[in-house]
Amino acid sequence: MNTSAKLELNDKTYSLPIVVGSEGERAVDVSGLRAETGHITLDDGYGNTGSCLSKITFIDGEKGILRYRGIAIEELAEHSTFIETAYLLIYGHLPNREELGRFSDLLTASQNLHEDMKYHFEGFPSSSHPMAILSAMINAASCFYPEVMNGANASDFALNAARLISQVRTIAAFSYRKSEGRPIIYPKNAYKYTANFLHMLFSDPYDDYVIKPEVVRALDLIFLLHADHEQNCSTATVRMVASSQANMYASCASGVCALWGPLHGGANQAVVEMLMAIHKSGDDGSKFITAAKDKTSGKKLMGFGHRVYKNYDPRAKIIKKACDEVLKTLHISDPLLDIAIKLEAAALKDSYFVERKLYPNVDFYSGIIMRAIGIPVEMFTVMFAIGRMPGWIANYKEILEDNKARIYRPRQIYVGPTLNAYIPLANRK
Ligand code: ACO
């Protein structure tokens with residue numbers, strides 16, 4: 001295999017080094033291109049651009065492989081928990097018993113919001129989208145914990161990270177309670193991470209929510225499967241903001257904003273809304289499939305397709321199985337699941353989807369599980385954000401610890417007007 005690529009430009013030949021990743025991925029290193037040739041690369045939407053070297057997550061989209069720190073997602077889904085996986089992503093190895101205990105204790109000790117943060121919730125209209133509240137409150141956390149601004153120190157980092165992982169769940173639960181006009185429920189030390197979240201969402205001051213282990217496991221699995229996914233839109237945003245040396249909370253709040261859109265984390269909400277609309281219209285899904293193939297319809301089969309996976313998203317397989325199990329355990333029969341199964345089967349044999357390699361992604365079935373648990377649709381993307389937090393923090397840490405890190409600053413090819421004279425207001429038509 002070549003160790004460099006040759007570029008011929010204006011009668012000159014340039015040699016560009018080839019960088020090889022630990023899984024054999026190959027990239028042409030163009031970091032010296034502009035200085036040497038006066039040219040830049042143009043890659044609209046970054047589909048061919050490696051923006052960094054990273055040791056966190058490996059994806060092979062053609063083969064449908066996803067690994068966190070080298071461990072297959074299927075193994076983690078079967079044997080690990082969200083919190084253990086969060087440690088793995090952030091600190092680079094599976095924790096031993098003592099490390100896991102310390103991490104878990106730190107999360108519990110950090111779970112209560114600063115009491116004054118509670119007043120912020122009162123300022124939001126009750127109709128606020130919880131993603132807006134989440135990003136605002138994560139950013140506001142740097143006012144209450146100003147030590148986050150000198151995050152390079154290892155013990156400060158550990159505390160800042162634990163606060164963020166723990167409190168994102170508390171903020172999410174408080175924003176839900178606020179939207180329902182119901183009193184805020186404080187976390188309980190006795191509960192583990194995901195059970196505590198369900199308690200804060202669904203308990204009442206006079207009546208504790210009955211925590212079912214199957215429900216805890218299903219939600220924990222959703223968090224785990226979302227915990228990282230290399231340089232997606234929100235993670236790349238976190239790294240972009242972190243590269244300016246903005247603090248961890250500011251960087252991760254920007255990730256929440258990027259995640260919100262329906263083409264990214266908002267897809268889980270969009271999937272269930274699509275399934276509800278199909279159900280309401282009496283369609284069995286076939287009319288919708290026809291519309292999704294028609295570019296003028298403005299419709300897409302939400303939960304299908306992925307920039308990187310050109311095969312079944314491995315997370316979708318795991319979630320589909322979990323979805324069947326949860327619905328069975330809770331004795332729920334959801335017509336939306338039947339529609340989803342029909343849509344999937346129809347799309348997987350339709351030449352439009354086959355030729356474009358469009359398969360179900362992680363969002364296709366996760367919404368059905370969350371619906372079964374009783375989580376409202378507007379909260380779905382918030383669930384994704386809670387899950388993705390360890391991945392964002394791990395990526396933030398890579399930037400923090402890279403002493404050669406430079407501010408991220410892409411270039412552009414300008415295609416606007418050339419030099420133009422200023423016309424005084426009185427002379428304009
Ligand atoms: N329904 C119908 N057609 C689709 C879909 C879809 N869900 N996804 C892609 N296509 C079509 C495109 O229109 C395009 O068609 P063309 O070649 O005739 O122009 C072709 O498939 C290739 O798609 P791209 O737009 O190049 O795919 P891209 O990589 O830019 O986008 C994305 C990926 C955003 C995920 C897209 O597939 C999509 O919008 N899917 C639905 C939303 C969704 O489920 N998002 C969740 C992503 S996973 C995540 O963030 C967790």
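Treat the numbers as computed from the prediction; the structure is a model and nothing was measured.
- Ser128 contributes no side-chain N or O that, together with a main-chain N or O of Pro130, makes up a donor-acceptor pair within less than 3.5 Å.
- More than 12 heavy atoms of other residues, nucleotides or ligands sit less than 6.0 Å from atom NZ of Lys295.
- Under the 4.5 Å side-chain criterion, counting only non-hydrogen atoms from C-beta, Thr235 is not in contact with His229.
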Per-pair distances, 0.1 Å, donor-acceptor, side chain in residues 250-263, under 3.5 Å, sequence neighbours excluded:
{"unit_1": "Ser251", "atom_1": "OG", "unit_2": "Asn247", "atom_2": "O", "d": "2.8"}
{"unit_1": "Ser254", "atom_1": "OG", "unit_2": "Ser251", "atom_2": "O", "d": "2.5"}

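- A salt bridge links Asp350 to Lys293: at least one charged side-chain nitrogen sits closer than 4.0 Å to a carboxylate oxygen.
- In this structure, a donor-acceptor pair under 3.5 Å is absent between the side chains of Asn268 and Ser366.
- Residue Tyr119 qualifies as open at atom OH: its count of foreign heavy atoms under 6.0 Å is 12 or below.
- More than 12 heavy atoms of other residues, nucleotides or ligands sit less than 6.0 Å from atom CZ of Arg26.
- Around CD1 of Ile413, the count of heavy atoms belonging to other residues, nucleotides or ligands within 6.0 Å exceeds 12.
- For the pair Phe364 and Leu343, the minimum side-chain heavy-atom distance is below 4.5 Å.
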If you apply the rule salt bridge (Lys or Arg N to Asp or Glu O under 4.0 Å), what do you find for Lys118 with Glu115, and how did you get there? CA-CA 6 Å; Lys118 239 179 47 187; Glu115 193 59 17; 2.9 Å; yes
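- Considering only heavy atoms from C-beta on, Leu88 comes within 4.5 Å of Leu76 through its side chain.
- Remark: Leu337 CG to Arg371 CZ distance equals 10.0 Å, nearest 0.5 Å.
- Leu358 has its side chain within reach of Tyr352: a pair of non-hydrogen atoms, C-beta onward, lies under 4.5 Å apart.
- Put simply, the side chain of Ser244 never gets that close to the backbone of Met240: no donor and acceptor are under 3.5 Å apart.
- Residues Asp283 and Ser281 bring no donor and acceptor atom of their side chains to less than 3.5 Å of each other.
- Under 3.5 Å, the side chains of Ser166 and Arg169 contain a donor-acceptor pair of N or O atoms.
- Listed by chain and number, the residues in a ring pair (Phe, Tyr, Trp, His ring centres under 6.0 Å) with His114 are Phe144 (sequence neighbours excluded).
- Annotation: side chain of Leu219 is in contact with side chain of Met383 (closest heavy-atom distance under 4.5 Å).
- Looking at Thr41 and Asp43, their side chains never bring a donor and an acceptor atom within 3.5 Å of each other.
- At a threshold of 4.5 Å between non-hydrogen side-chain atoms, the residues Arg406 and Ser243 do not count as touching.
- With contacts defined as side-chain heavy-atom distances shorter than 4.5 Å, the pair Phe121/Met137 qualifies.
- Using a 4.0 Å cut-off between a side-chain N of Lys or Arg and a carboxylate O of Asp or Glu, Asp313 and Arg315 qualify as a salt bridge.
- Within the 3.5 Å criterion, the main-chain N or O of Ala227 finds a donor-acceptor partner in the side chain of Tyr68.
- In this structure, Asp208 pairs ionically with Lys188, as a charged nitrogen and a carboxylate oxygen lie closer than 4.0 Å.
- To the nearest 0.5 Å, the span separating CG on Asn189 from CG on Asn112 amounts to 7.5 Å.
- Using a 4.5 Å heavy-atom cutoff, the side chains of Phe304 and Arg356 are not in contact.
- Heavy atoms of other residues, nucleotides or ligands lying less than 6.0 angstrom from CD of Glu84 number more than 12.
- Take Lys397 and apply the side chain to side chain contact (heavy atoms under 4.5 Å, CB included) test, not counting sequence neighbours, and it matches Ile90, Tyr91, Phe157, Glu401.
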Residues Glu25, Val20; criterion side chain to side chain contact (heavy atoms under 4.5 Å, CB included); working and verdict: CA-CA 6 Å; Glu25 288 171 302; Val20 186; over 6 Å; no
Using residues 316-330 as the side-chain source, report each donor-acceptor pair under 3.5 Å to any protein atom, sequence neighbours left out, with the distance given to one decimal.
{"unit_1": "Lys320", "atom_1": "NZ", "unit_2": "Glu344", "atom_2": "OE1", "d": "3.3"}
{"unit_1": "Thr329", "atom_1": "OG1", "unit_2": "Glu325", "atom_2": "O", "d": "2.6"}

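- Taking the ring centroids of Tyr359 and Tyr309, they lie at or beyond the 6.0 Å cut-off.
- For the residue pair Gln231 / Asn395, a side-chain donor-acceptor distance below 3.5 Å is found, with atom types taken as modelled.
- Note that CE of Met379 and NE2 of His129 are 9.5 Å apart. Values are rounded to the nearest 0.5 Å.
- Shown here is Asp44, whose CG atom has no more than 12 heavy atoms of other residues, nucleotides or ligands within 6.0 Å.
- Taking Phe223 as the reference, Phe82 meet the ring pair (Phe, Tyr, Trp, His ring centres under 6.0 Å) condition, with sequence neighbours excluded.
- Ring centers of His226 and Phe384: under 6.0 Å apart, within the cut-off.
- Under the salt bridge (charged side-chain N to carboxylate O under 4.0 Å, His left out) criterion, the residue pairs touching residues 54-76 are Glu23-Arg67, Asp60-Lys63, with sequence neighbours excluded.
- Seen from the ring of Tyr396, Arg239 does not count as a face-on cation partner, given the 6.0 Å and 45° thresholds.
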